[in-house]
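Here the structure comes first, spelled out in structure tokens, and everything after it is commentary.
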Amino acid sequence: MSSPQTPEDGQGHGGRGDPRGDLRSVLVTSVLNLEPLDEDLFRGRHYWVPASKRLFGGQIVGQALVAAAKSVSEDVHVHSLHCYFVRAGDPKVPVLYQVERTRTGSSFSVRSVKAVQHGKPIFIFQASFQQAQPSPLQHQFSMPTVPPPEELLDSEALTDHYLRDPNLQKSYPVLLNKIAAQEMPIEIKPVNPPTLSQLQRMEPKQMFWVRAQGYIGEGDMKMHCCVAAYISDYAFLGTAMLPHQCQHKVHFMVSLDHSMWFHAPFRADHWMLYECESPWAGGSRGLVHGRLWRRDGVLAVTCAQEGVIRVKPRVSDSKL
């Protein structure tokens, strides 16, 4: 899964990349390392299970992309994927990934993947791969101006800060799950984390710097895309809850579908800015959009997701 095309390393200052100084990412050695069972049939195992006791959606998307990428030649790379979560994943058993070679063309190839547990599909996935084709037609949005990751607290330090403030702790459930942040194989640094006075009027927007823990390497562009698929689902749907968290608490929240478009080469083990926003929520569903930016301002990936969000009114602790 190698690629001759690698990003300019304008994103890399302050990042890592020297294999002598970093451990190989567990995302490569374990999470996204599928076991081949037969031609186009793979088995994936679990590394991290959220508090919901359901399989992490990013893991399923990333593993499905690994399976699909193994069925195409080295000179084509994923440019888009679209998938549906159709059943809750069981964290007690592995997932089987069945790949269908839907079409192999001279420029574009399509692969379909079905993830199966207990004899039933839990997830359906399609990805399109393209042979590199340069074009003079190019444009992109501008990357937001934000502090660099070196100036920000990581999720563990930020959570400790929140937990030391009794007023903040009582006002709303801390968004950054300390245990999850420690166990997940990614690093997170939120941009402009809210203060107590800001919680009542939060917009459905958030940004954070994110990267894989450990070293992945420069040439394996397919694997960087698979890691980005894993990363893209973290805290994504929760963006839709930000304006409502003081009045309501989540009773049930799961992803329904997930889409990604890959625009430019990138390093998933270097810091990338994840810009998330929710343009709409209603009907017990929420819609979120996301953009992953390289540090040099290049738009690398665009994401979209819709999910089920069912809430309950938040009960006040006041005795008055």
Side-chain angles (χ1 to χ4, degrees), residues 1 3 5 7 11 27-28 31-32 34 44 55-72 76-86 97 99 102 108-115 123-132 140-141 143 184 186 188 206-212 216 220-240 254-270 272-279 286-294 298-307:
M1 288 170 50
S3 165
Q5 188 179 24
Q11 64 162 335
L27 284 166
V28 177
V31 182
L32 300 176
L34 301 185
L55 291 183
F56 175 50
Q59 173 188 291
I60 305 301
V61 179
Q63 289 181 342
L65 183 54
V66 169
K70 289 181 179 294
S71 69
V72 298
V76 298
H77 298 279
V78 63
H79 72 87
S80 69
L81 63 84
H82 308 276
C83 47
Y84 283 92
F85 300 89
V86 296
Y97 295 93
V99 180
T102 308
F108 292 89
S109 297
V110 176
R111 297 294 183 261
S112 302
V113 181
K114 181 167 62 175
F123 173 83
I124 52 178
F125 168 103
Q126 284 191 317
S128 181
F129 297 79
Q130 181 187 18
Q131 195 165 38
Q140 67 162 55
F141 284 178
M143 178 179 173
M184 287 196 72
I186 60 177
I188 307 281
Q206 62 176 338
M207 291 186 288
F208 46 89
W209 290 98
V210 62
R211 68 179 177 184
I216 296 175
D220 202 349
M221 192 58 220
K222 283 189 172 69
M223 181 54 70
H224 285 285
C225 291
C226 296
V227 171
Y230 182 98
I231 289 173
S232 68
D233 193 41
Y234 181 73
F236 195 26
L237 187 56
T239 308
V254 295
S255 304
L256 288 172
D257 56 28
H258 192 84
S259 296
M260 300 181 72
W261 296 265
F262 299 86
H263 312 307
F266 59 91
R267 289 280 301 270
D269 53 354
H270 286 173
M272 300 180 72
L273 180 68
Y274 199 11
E275 179 188 11
C276 307
E277 58 185 3
S278 174
L287 177 67
V288 288
H289 295 159
R291 290 182 281 271
L292 275 167
W293 299 89
R294 287 181 0 197
V298 170
L299 179 60
V301 184
T302 299
C303 312
Q305 184 179 106
E306 190 176 43

Exercise for review: Would you mind reporting whether F262 and H77 have side-chain heavy atoms less than 4.5 Å apart?
Suggested key: no

Check your understanding: Is the backbone of V72 close enough, under 3.5 Å, to the side chain of R111 for a donor and an acceptor to pair up by distance?
Key -> no

**Study point:** side-chain contact (heavy atoms from CB on, under 4.5 Å) partner of H289, chosen from C303, C276, S259, P279
**Key:** P279

Check your understanding: Can you tell me how far the CD1 atom of I60 sits from the CG atom of L65, to the nearest 0.5 Å?
Key -> 13.0 Å

Review point. So do the side chains of R267 and R211 get within less than 4.5 Å of each other, counting heavy atoms only?
Key: no

Review point. Side-chain donor-acceptor pair under 3.5 Å between S278 and T239, yes or no?
Key: no

Review point. Judged by atom type as modelled, is there a donor-acceptor pair below 3.5 Å linking the side chain of H224 to the main-chain atoms of A268?
Key: yes

**Study point:** From CA spacing to verdict: side chain to side chain contact (heavy atoms under 4.5 Å, CB included), D269, L27
**Key:** CA-CA 10 Å; D269 53 354; L27 284 166; over 6 Å; no

Review point. Is it true that a side-chain atom of Q206 and a backbone atom of A235 form a donor plus acceptor pair closer than 3.5 Å?
Key: yes

Check your understanding: Atom CZ in F141, atom OG1 in T302: separation rounded to 0.5 Å?
Key -> 9.0 Å

Review point. Would you say Y274's side chain and G290's backbone share a donor-acceptor pair under 3.5 angstrom?
Key: no

Review point. Sub-3.5 Å donor-acceptor pair from the side chain of R294 to the main-chain atoms of P265, do we have one?
Key: yes

Practice item. Inspect the surroundings of CZ in F108 and state if more than 12 heavy atoms from other residues, nucleotides or ligands are less than 6.0 Å away. Key: yes

Check your understanding: Would a line drawn from the ring center of W261 to the ring center of H82 be shorter than 6.0 Å?
Key -> yes

Point to revise | F85 and V254, any side-chain heavy atoms less than 4.5 Å apart | key: no

Exercise for review: Apply side chain to side chain contact (heavy atoms under 4.5 Å, CB included) to M272 and F266, showing your working.
Suggested key: CA-CA 9 Å; M272 300 180 72; F266 59 91; 3.7 Å; yes

Exercise for review: Over 60° means perpendicular and under 30° means parallel, so classify the ring planes of F123 and F125, tilted if in between.
Suggested key: tilted

Exercise for review: Would you check if Q140 and V298 make a side-chain contact, meaning some heavy-atom pair closer than 4.5 Å?
Suggested key: yes

Check your understanding: With ring centroids as reference points, do Y230 and F56 lie under 6.0 angstrom apart?
Key -> yes

